[in-house]
Amino acid sequence: RTFVVSRQGNDQNPGTLEQPWRTIFKANVNLQPGDTVLVRAGTYQEQIKPVRSGVSGSPIVYAAMPGETAVIEGEPGNLVVVVASSYSIIEGFTIRCQAYLQVLKTPEYWIHIVGDHITLRYCRVLADGDAAFNYGTLQAFSRGIVLSGQHNVVEHCYVRGQMMGVVIAGGLPRFA
């Protein structure tokens, strides 16, 4: 099944192209193994955080609508933007944390890959930062992508910003 999310949608809709859902949250709680959600252009202050995992051969797919720019900023007050479950694919998004790095009190990450067989591809992970802030005195660490699992793939992603990168906290990732 394929569903659609749009800023002009309504979560009471069936999630079709003609009658899309409004929130990624609606997709998070409704997607089943093998389902795909296409997210239309716009900025979403929500998390990609599926409540279910996919299964081998039937991943859960979150993808930006081809040819459109879908920006995921995360929930207000929560620095984690994407938390993927096993057998998930996250594809084509611009992922941007809405909090500047100086507000961090503990080590944080924006994309936390928790589980196995997860693919993050064609995403732009951006940390704009604050030019007036001295990052040399920061008492915390910001990480763009943290991999905590096995057989995970980060493929053709662009990661930019001060104190950003990829942290491998689990085994057997493959970078392409």
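The CZ atom of Arg1 sits 7.5 Å away from the CG atom of Leu31 when rounded to the nearest 0.5 Å. Taking OH of Tyr62 as the reference point, atom CD of Glu91 lies at 14.5 Å (rounded to 0.5 Å). To the nearest 0.5 Å, atom CD of residue Glu155 and atom SG of residue Cys123 are 10.5 Å apart. To the nearest 0.5 angstrom, Thr94 atom OG1 is 10.5 Å from Tyr158 atom OH.
A chain of hydrophobic side-chain contacts below 4.5 Å, direct or via other Ile, Leu, Val, Met, Phe, Trp or Tyr residues, connects Tyr44 to Trp21. Under the 4.5 Å side-chain heavy-atom criterion for Ile, Leu, Val, Met, Phe, Trp and Tyr, Ile90 and Leu38 are members of distinct hydrophobic clusters.
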* Walk me through it: do Ile72 and Ile48 pass the test side chain to side chain contact (heavy atoms under 4.5 Å, CB included)? => CA-CA 8 Å; Ile72 310 298; Ile48 292 178; 4.2 Å; yes
* Please step through side chain to side chain contact (heavy atoms under 4.5 Å, CB included) for the pair Val4 and Met65, ending with a clear verdict. => CA-CA 8 Å; Val4 177; Met65 180 71 76; 4.3 Å; yes
* After noting the C-alpha distance and the side-chain angles of Ile89 and Arg121, does the key distance pass the side chain to side chain contact (heavy atoms under 4.5 Å, CB included) rule? -> CA-CA 8 Å; Ile89 298 172; Arg121 74 166 67 111; 3.9 Å; yes
* Take His156 and Leu120 through the side chain to side chain contact (heavy atoms under 4.5 Å, CB included) test and state the conclusion after the steps. => CA-CA 8 Å; His156 304 291; Leu120 180 72; over 6 Å; no
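Taking every heavy atom of both residues into account, Arg40 and Ala70 meet most closely at O-CB, 3.7 Å. Heavy-atom minimum distance, Arg52 versus Ile60: O-CD1, 3.4 Å. Nearest heavy atoms, Asn13 versus Pro20: ND2-O, 2.9 Å. Residues Val29 and Val51 come closest through the heavy atom pair CA-CG2, 3.8 Å.
A donor atom on one side chain and an acceptor atom on the other are not found under 3.5 Å apart for Asp116 and Tyr87. Looking at Thr23 and Asp11, their side chains do bring a donor and an acceptor atom within 3.5 Å of each other.
Side chains of Val71 and Thr69 form a contact here, defined as non-hydrogen atoms less than 4.5 Å apart. His117 has its side chain out of reach of Ser86: every pair of non-hydrogen atoms, C-beta onward, lies at least 4.5 Å apart.
Looking at Glu46, its side chain does come within 3.5 Å of a backbone N or O of Ile24 through a donor-acceptor pair. Distance alone, capped at 3.5 Å, is enough to place a donor-acceptor pair between the Glu68 side chain and the Ala41 backbone. Of the possible polar contacts, one joining the Ser85 side chain to the Pro50 backbone as a donor-acceptor pair under 3.5 Å is found. Looking only at distances, a side-chain donor or acceptor of Asp35 sits under 3.5 Å from a matching main-chain atom of Gln32.
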